[in-house]
Amino acid sequence: MARLITRRLLLGWALLAGLMRGAAGAGQADAAGRAKGAAATAPAAPATEPARRELLVFAAASLSDALEEVGRAFTAATGVRVAASYAASSVLAKQIEAGAPADAFFSADVAWVDYLEKRGLIRPSSRRDVLRNTLVLIAPADSTLRLRIAPGFDLAGALTGGRLAIADPDSVPAGEYARAALTRLGVWSRVSDRAVRGENVRAALAYVARGEAPLGIVYRTDAQAEKRVRVVDVFPEDSHPPITYALALTARAPPKAAQLVEFLTGDAARQIFVRYGFTAPPGRRHASETETVQGVVDLRPL
């Protein structure tokens with residue numbers, strides 16, 4: 001699966017959306033005067049968006065390693081190439097809202113899929129809850145710290161004057177889960193002013209991996225992917241909302257994108273995701289077992 005340079009891609013689409021809106025307003029002023037003469041001589045207008053042979057997935061940063069392998073397996077099975085842009089789910093949802101040409105959105109929580117669904121920007125029948133994850137407290141691999149997560153645990157003391165690395169709790173799902181867990185355990189008020197906020201969960205992971213923060217809170221899959229950190233302890237499941245990864249096609253996705261949803265919710269992809277530390281959610285997804293994406297593919301639950 002081809003990786004895209006996320007920051008440049010997202011800023012580019014934001015700028016493009018603004019320029020297109022400005023150009024549309026300015027063009028209306030003199031379009032009527034030129035229309036009659038131009039109709040006979042002007043060449044056919046180019047397509048506003050060139051046809052693409054690949055599918056573009058906007059995916060949560062925590063999915064990057066696993067989704068790269070899943071994407072290669074999908075291409076091998078179908079011949080359809082996949083490119084992916086990774087960032088915080090909130091950032092990606094906003095870019096889809098601004099007009100970025102994503103074919104699928106793979107979010108680290110259901111809230112941002114809800115956000116796009118309310119705005120008519122995804123296909124509700126394609127929506128699936130695909131994966132679960134676990135929240136963990138990490139330290140640099142050479143740290144000897146021992147700390148048991150429990151109500152009122154001394155997280156502030158364990159920082160020994162350092163900072164707690166988390167994703168931004170005001171917008172990024174991993175940070176929201178972290179704040180919810182620490183609040184439920186009664187320690188958020190004692191460490192909130194010591195938090196260093198990453199733009200996504202991989203940024204928080206990097207602070208700890210580089211030794212810039214003595215402790216951090218990330219997903220288990222992130223800790224598993226980084227040899228320079230170790231898991232100190234696992235947060236109780238009931239200390240935060242379920243960490244559920246939701247997938248949906250965007251409203252602009254082509255028919256062939258249905259194959260991607262089918263593959264990502266199938267056995268081959270599940271085996272890869274499990275190897276990277278993800279688990280399957282219990283129960284059924286948002287769509288019924290008999291629903292199809294555009295009436296093309298039967299999508300069964302995991």
Side-chain angles (χ1 to χ4, degrees), residues 1-6 9-10 12-13 16-17 45-60 63-87 89 92-93 95-108 110 112-113 115-117 119-131 245-273 276 278 280 284-302:
M1 180 184 290
R3 289 177 182 259
L4 301 182
I5 302 175
T6 301
L9 173 76
L10 300 180
W13 282 112
L16 178 60
T48 57
E49 182 182 325
R52 289 183 285 110
R53 295 182 179 179
E54 63 186 14
L55 296 173
L56 176 57
V57 180
F58 275 21
L63 287 164
S64 57
D65 300 299
L67 195 56
E68 288 298 306
E69 184 172 341
V70 172
R72 290 192 294 270
F74 171 74
T75 300
T78 66
V80 178
R81 294 185 59 194
V82 181
S85 178
Y86 302 103
S89 300
L92 297 172
Q95 291 302 318
I96 292 172
E97 184 180 24
D103 298 310
F105 179 44
F106 207 162
S107 173
V110 299
W112 285 106
V113 182
Y115 178 90
L116 293 180
E117 183 172 347
R119 288 156 178 78
L121 296 173
I122 66 165
R123 294 177 184 161
S125 66
S126 72
R127 183 172 174 171
R128 300 292 185 272
D129 291 344
V130 183
L131 302 170
Y245 288 71
L247 169 69
L249 296 181
T250 63
R252 66 190 300 161
K256 66 180 179 181
Q259 300 177 70
L260 182 61
V261 175
E262 181 188 32
F263 191 86
L264 288 172
T265 56
D267 289 339
R270 178 173 52 188
Q271 291 174 16
I272 296 172
F273 284 126
Y276 281 87
F278 294 95
R284 295 166 60 181
R285 300 180 179 82
H286 288 274
S288 70
E289 295 182 23
T290 58
E291 273 188 312
T292 62
V293 178
Q294 291 186 327
V296 176
V297 179
D298 183 16
L299 300 175
R300 301 177 179 83
L302 291 174

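Residues passing the side-chain contact (heavy atoms from CB on, under 4.5 Å) test with A268, sequence neighbours excluded: F263. Annotation: side chain to side chain donor-acceptor pair (under 3.5 Å) contacts of E97 (sequence neighbours excluded): Y115, R119. Under the ring-ring contact (aromatic ring centres under 6.0 Å, His included) criterion, F278 pairs with Y245, F273, sequence neighbours left out.
Contact annotation: the side chain of L247 never approaches that of L131 to less than 4.5 Å [non-hydrogen atoms, C-beta and beyond].
A distance-only check finds no donor-acceptor pair linking the side chain of R127 to the backbone of E117 [under 3.5 Å]. Judged by distance alone, the side chain of S107 and the main-chain N or O of V113 form no donor-acceptor pair under 3.5 Å. A distance-only check finds a donor-acceptor pair linking the side chain of R252 to the backbone of G99 [under 3.5 Å]. Not one N or O on the side chain of R123 forms a donor-acceptor pair closer than 3.5 Å with the backbone of G120. Panel note: side chain S126, backbone L249; a donor-acceptor pair is recorded below 3.5 Å. Looking at T250, its side chain does come within 3.5 Å of a backbone N or O of A102 through a donor-acceptor pair.
Minimum heavy-atom separation, L63 to Y86: C-CE2, 4.3 Å. Of all non-hydrogen atoms in V82 and V57, the two that sit nearest each other are CG1-CG2, 3.8 Å. For the pair L92 and A60, the tightest heavy-atom approach, listed with the atom from each and the gap, is CD1-N, 4.0 Å.
Taken from CG in L116 to CZ in F105, the straight-line distance is 5.5 Å, to the nearest 0.5 Å. Interatomic distance, L56 CG to R81 CZ, rounded to the nearest 0.5 Å: 12.0 Å. To the nearest 0.5 Å, atoms OG1 (T78) and NZ (K256) are separated by 9.0 Å.
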Begin with the C-alpha distance, continue with both residues' side-chain angles, and end with the deciding distance and a verdict on side-chain contact (heavy atoms from CB on, under 4.5 Å) for D103 and L260. CA-CA 10 Å; D103 298 310; L260 182 61; over 6 Å; no
Kindly indicate, with the supporting measurements, whether the criterion side-chain contact (heavy atoms from CB on, under 4.5 Å) is fulfilled by I272 and Y276. CA-CA 7 Å; I272 296 172; Y276 281 87; 3.8 Å; yes
